Visitor: 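Take a look at the following structure, please.
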Amino acid sequence: MAWSRPPVDPQWQPLMQEWRARQLEMAARVVERPLRPLPRLVAGADAALSPDKDWVLAAVVVFDRETRTVVETVHGAAKVEYPYIPGYLGFRESPALLDAFRKVRSPFEVAMFDGMGKAHPRRCGIAVQMGVTLDVPAIGVGKSRLFGTHREPGLEAGAVEPLWDRQDRIGAVLRSKDKVKPLYISVGHKADLETAVELVRACGLGYRLPEPTRLADREAARFKIGWAAPEPA
DNA sequence: GCGACAG
DNA sequence: ATCTTGTCGC
């Protein structure tokens, strides 16, 4: 049976209330506009947990769409401060991601995150939080749905369906390959849904996930293997 | 009141 | 996210 999910520990309720307010502020700062020409340098970002579960380990891989090569790879880490709570992923993972991004030297034009952007109850998924915080173009590419409703996309690669919240189009559901679970794409910051979907398609190389995110995921996995907690000062 | 619930 | 081998389907 897989029907049970650990309820949210009541001790986090005060923080969640504060987080909700901060999410509304960040969502209000989002700039939605076309991102043209389509970016050449794309920074893919992803996070993993250390073997002992005490650290969030992040990886950012800058991918050059023209040469289809990785031009830079950086890592970041931060102690786990909060549990995973649906709707508040950004507060758990952004510290490690920000630690990694501060080391990036390449002039990437957009950041791609593993998770939601506007496709969130308060329009503030991790891609919005990171995009607004870093003030860079950003989009979210999730592997499953957090929020919103949609029709099932056709089974062929390329099929897309809008993701809705009432009358609002908050994202797109894209079948990146034949008969695989679709991807949930949404705006993070300084980009619009059309260009976000185009970019994901332009970054696909035959795998379900677009290259930037796929490489970052693989890099975060590598990083965790050789991980050793920092020396106390 | 009963589910649903990114990573 | 993470635990985990073989196995069903194209």
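Note that the structure is a prediction, hence the values are computed from the model and not measured. Chain letters run A, B, ... following the sequence lines, proteins first, then strands; residues in each count from 1.
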Visitor: Can a side-chain donor-acceptor contact be found between A:Glu72 and A:Ser106 if the only test is distance below 3.5 angstrom?
Guide: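 Yes, a side-chain donor-acceptor pair sits under 3.5 Å.
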Visitor: Under 4.0 Å between a side-chain N/O of A:Arg145 and OP1 or OP2 of B:dC5, yes or no?
Guide: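 Yes.
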Visitor: Any base atoms under 4.0 Å from A:Ile85, or only sugar-phosphate, or nothing? Heavy atoms, all strands.
Guide: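 Here A:Ile85 touches no strand at all.
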Visitor: Identify the residue among A:Phe91, A:Trp19, A:Tyr88 that makes a ring-ring contact (aromatic ring centres under 6.0 Å, His included) with A:Tyr82.
Guide: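 Answer after filtering A:Phe91, A:Trp19, A:Tyr88: A:Trp19.
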Visitor: Using a 4.0 Å heavy-atom cut-off, does A:Gly140 contact any base of the nucleic acid, only the sugar-phosphate backbone, or nothing at all?
Guide: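 The residue A:Gly140 makes no contact with any strand.
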Visitor: Hey, which sits more toward the 5' end of DNA chain C by its nearest nucleotide, A:Lys224 or A:Lys179?
Guide: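 Comparing both residues, the 5'-ward one is A:Lys224.
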Visitor: Compare side-chain N and O positions of A:Ser144 against OP1 and OP2 of B:dC5 and report whether any pair is under 4.0 Å apart.
Guide: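 Answer is no, no contact under 4.0 Å.
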Visitor: Scan A:Leu89 against the nucleic acid and name what it touches under 4.0 Å (heavy atoms): base, sugar-phosphate only, or nothing.
Guide: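 Base contact - A:Leu89 has a heavy atom under 4.0 Å of at least one base atom.
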Visitor: Between A:Lys53 and C:dT2, does any side-chain N or O lie under 4.0 Å from OP1 or OP2?
Guide: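 For C:dT2, neither OP1 nor OP2 has a side-chain N or O of A:Lys53 closer than 4.0 Å.
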Visitor: Without decimals, in angstroms, what is the distance between A:Arg20 CZ and B:dC5 P?
Guide: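 Atom CZ in A:Arg20 sits about 19 Å away from atom P in B:dC5.
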Visitor: Roughly, in whole Å, what's the span from CG in A:Asp165 to P in B:dA6?
Guide: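 Taking CG of A:Asp165 and P of B:dA6, I get 16 Å after rounding.
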Visitor: Rounded to the nearest angstrom, tell me the gap between atom CZ in A:Arg208 and atom C1' in B:dA6.
Guide: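 Rounded to the whole Å, the gap is 12 Å.
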Visitor: Is there a donor-acceptor contact under 3.5 Å from the side chain of A:Arg218 to the main chain of A:Ala221?
Guide: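 Absent.
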Visitor: Would you kindly give the CD-to-C1' distance between A:Gln23 and B:dA6, to the nearest whole Å?
Guide: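 To the nearest whole Å, that distance equals 12 Å.
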Visitor: In whole angstroms, how far is the C1' atom of C:dT2 from the CD atom of A:Glu93?
Guide: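 Those two atoms, CD and C1', are 13 Å apart.
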Visitor: Grab the CG-P distance between A:Asp217 and C:dA1 for me, whole Å please.
Guide: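 It is 6 Å, rounded to the nearest whole Å.
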Visitor: Would you kindly give the NE2-to-P distance between A:His120 and B:dG7, to the nearest whole Å?
Guide: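 Answer to the nearest Å: 13 Å.
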Visitor: Select base, sugar-phosphate, or nothing to describe what A:Phe91 touches, counting heavy atoms under 4.0 Å on all strands.
Guide: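 The residue A:Phe91 makes no contact with any strand.
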Visitor: Within the structure shown, what part of the strands sits under 4.0 Å from A:Gly125 by heavy-atom distance: base, sugar-phosphate, or nothing?
Guide: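 Touches a base.
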Visitor: Could you tell me if A:His75 and A:Glu219 have a donor-acceptor pair between their side chains, going purely by distance under 3.5 Å?
Guide: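 Their side chains do contain a donor-acceptor pair, which is all the 3.5 Å distance test asks for.
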Visitor: Verify the ring-centre separation between A:His120 and A:Phe147: is it less than 6.0 angstrom?
Guide: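 Between A:Phe147 and A:His120, the centre distance exceeds or equals 6.0 Å.
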Visitor: Does A:Tyr84 stack onto the base of B:dG7, taking stacking as ring centres under 5.5 Å apart and planes under 30° apart?
Guide: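 Given the distance and angle limits, yes, they stack.
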Visitor: For A:Leu146 and B:dC5, give me the distance from atom CG to atom C1', rounded to whole Å.
Guide: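 Going from A:Leu146 (CG) to B:dC5 (C1'), I get 6 Å.
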